[in-house]
Structure formats: structure tokens, C-alpha cells
Amino acid sequence: MAEVESFSLDHTKVKAPYVRLAGRKALAGGVVEKYDLRLAQPNREALPTASLHTLEHLLAGYLRDHLPGVIDLSPMGCRTGFYLVVEGPVGEEKVLEAFAQALRDVLAHEGEVPGASFKECGNYRDHDLLGAKAWAEKALKAGLRVQATVPLEAR
Ligand SMILES: [Zn+2]
């Protein structure tokens, strides 16, 4: 699986609250794109924190295996999905394909959750591999689609 920066941080040696430079990427004059990868229907359901957290750990590596130029993948605070920041232009179809592949990798994942030890993770007890797999399976069964941006209506 691809290298993940945060898994190489010794979480027992930092002192919060703080600001830390977590990555720097040189861009050859290109564009950076941000994608909304949604697993749960907003305001109807939400992923339990342990499932979301384990998915974050697994997708951090598996998504990078299928998509070059990933800058960051972070869970949404509302726990309905993830934000993906990637060196573009990539396009929704390619992101969708990589996301589906990564979700299939999650389903097939055996053994330890990567980066989930006391030293490597900021909340190592809060993991649920079975829950992560269940949400991956649910999304794959429902079928991922490209969602256009629907703007709020003017009031
Ligand atoms: Zn973690």
C-alpha cells in the first residue's frame, strides 16, 4: 500500500494544541482539485466515528494506489464522507473509478488496519474494520455515481 505521511508521525511525542507542516508538494503549474466523496446521505445517516476512522486509514493508502497525485484525503466533520484533494486535472470519472477500486480493496483487506497503533494514530482505540467494510460494501452495492453541484436556490 502507498506511503501515508501521518502514519510516520510519533503520536506519543507531540504536544497539542499545535500547527505542524504535514506535507509540501511542488506543482508544475497545474491545478489542484477537491472532490466530495460521499458515502452517507446528508442529514439522514452518518458513519459511526470508528468506521469512518478505519476507512480513512485504509483509503489513505488504497486510493493512492489507484490515483496518482493525491495530496490529501480527510473525513468530513459531519461524518458522511471524505474530501479528496488531488493534483489535477483528473475528472470525476477517474476519481469515481479509483474510489470504487479502493473501496473494493477495503472489502478485501485482511489483518491489521495500517497506521492504527498507539504511536501512529491519534485515537487508536477508535477503529472498526468490520464497520468500514460494511460501509464500503453498501456504497459499492448502491453504485457510485457522479453528482453535479446543486447550488442553493437564491432566497
Ligand atoms: Zn488514526
Side-chain angles (χ1 to χ4, degrees), residues 1-27 32-88 90 92 94-147:
M1 200 195 284
E3 282 280 306
V4 179
E5 188 278 336
S6 73
F7 298 166
S8 64
L9 171 74
D10 188 338
H11 286 67
T12 65
K13 303 234 165 85
V14 295
K15 193 162 165 26
Y18 68 64
V19 172
R20 182 180 71 87
L21 174 66
R24 175 176 277 142
K25 196 173 178 109
L27 296 176
V32 170
E33 293 175 336
K34 179 178 178 179
Y35 289 92
D36 167 351
L37 308 183
R38 199 75 63 143
L39 292 171
Q41 185 62 32
N43 294 309
R44 288 225 197 111
E45 47 184 10
L47 280 76
T49 60
S51 301
L52 186 74
H53 187 193
T54 298
L55 268 178
E56 179 202 6
H57 276 240
L58 292 171
L59 290 176
Y62 286 139
L63 205 53
R64 283 176 171 87
D65 289 345
H66 300 293
L67 195 65
V70 170
I71 296 168
D72 185 50
L73 177 82
S74 294
M76 295 174 177
C78 60
R79 295 188 282 110
T80 59
F82 294 88
Y83 280 118
L84 168 69
V85 179
V86 62
E87 201 178 334
V90 183
E92 293 102 321
K94 265 194 181 156
V95 170
L96 188 154
E97 206 170 292
F99 188 33
Q101 284 290 351
L103 288 172
R104 279 192 276 275
D105 291 344
V106 168
L107 263 186
H109 185 85
E110 303 271 355
E112 299 284 296
V113 174
S117 73
F118 179 69
K119 274 197 172 191
E120 297 163 315
C121 175
N123 194 357
Y124 79 103
R125 289 185 201 88
D126 196 27
H127 278 282
D128 180 0
L129 181 56
L130 287 180
K133 287 188 179 201
W135 278 92
E137 188 171 28
K138 177 173 144 82
L140 289 168
K141 273 195 178 152
L144 296 175
R145 51 187 290 279
V146 169
Q147 170 69 59

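Every number for a ligand or one of its atoms is a count from 1 in the order of the listing. In this chain, residues are counted from 1 in sequence order.
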Residues that D10 engages under side chain to side chain contact (heavy atoms under 4.5 Å, CB included), provided they are two or more places apart = T12, K13, K119
Can you sort out the partners of R104 under side chain to side chain contact (heavy atoms under 4.5 Å, CB included), two or more places apart, ordered by chain and number?
-> A100, Q101, L140
P48 to W135 - nearest heavy-atom pair and separation | CD-NE1, 3.7 Å
With L58, the side-chain contact (heavy atoms from CB on, under 4.5 Å) member among D105, L107, V106 = V106
Should R64 and E5 count as an ion pair when the cut-off is N to O under 4.0 Å?
-> no
Partners meeting ring pair (Phe, Tyr, Trp, His ring centres under 6.0 Å) with Y62 (sequence neighbours left out) | H109
Tally every protein N/O/S atom whose distance to the Zn ion (ligand 1) is less than 2.8 Å; waters are neither shown nor counted.
-> 3
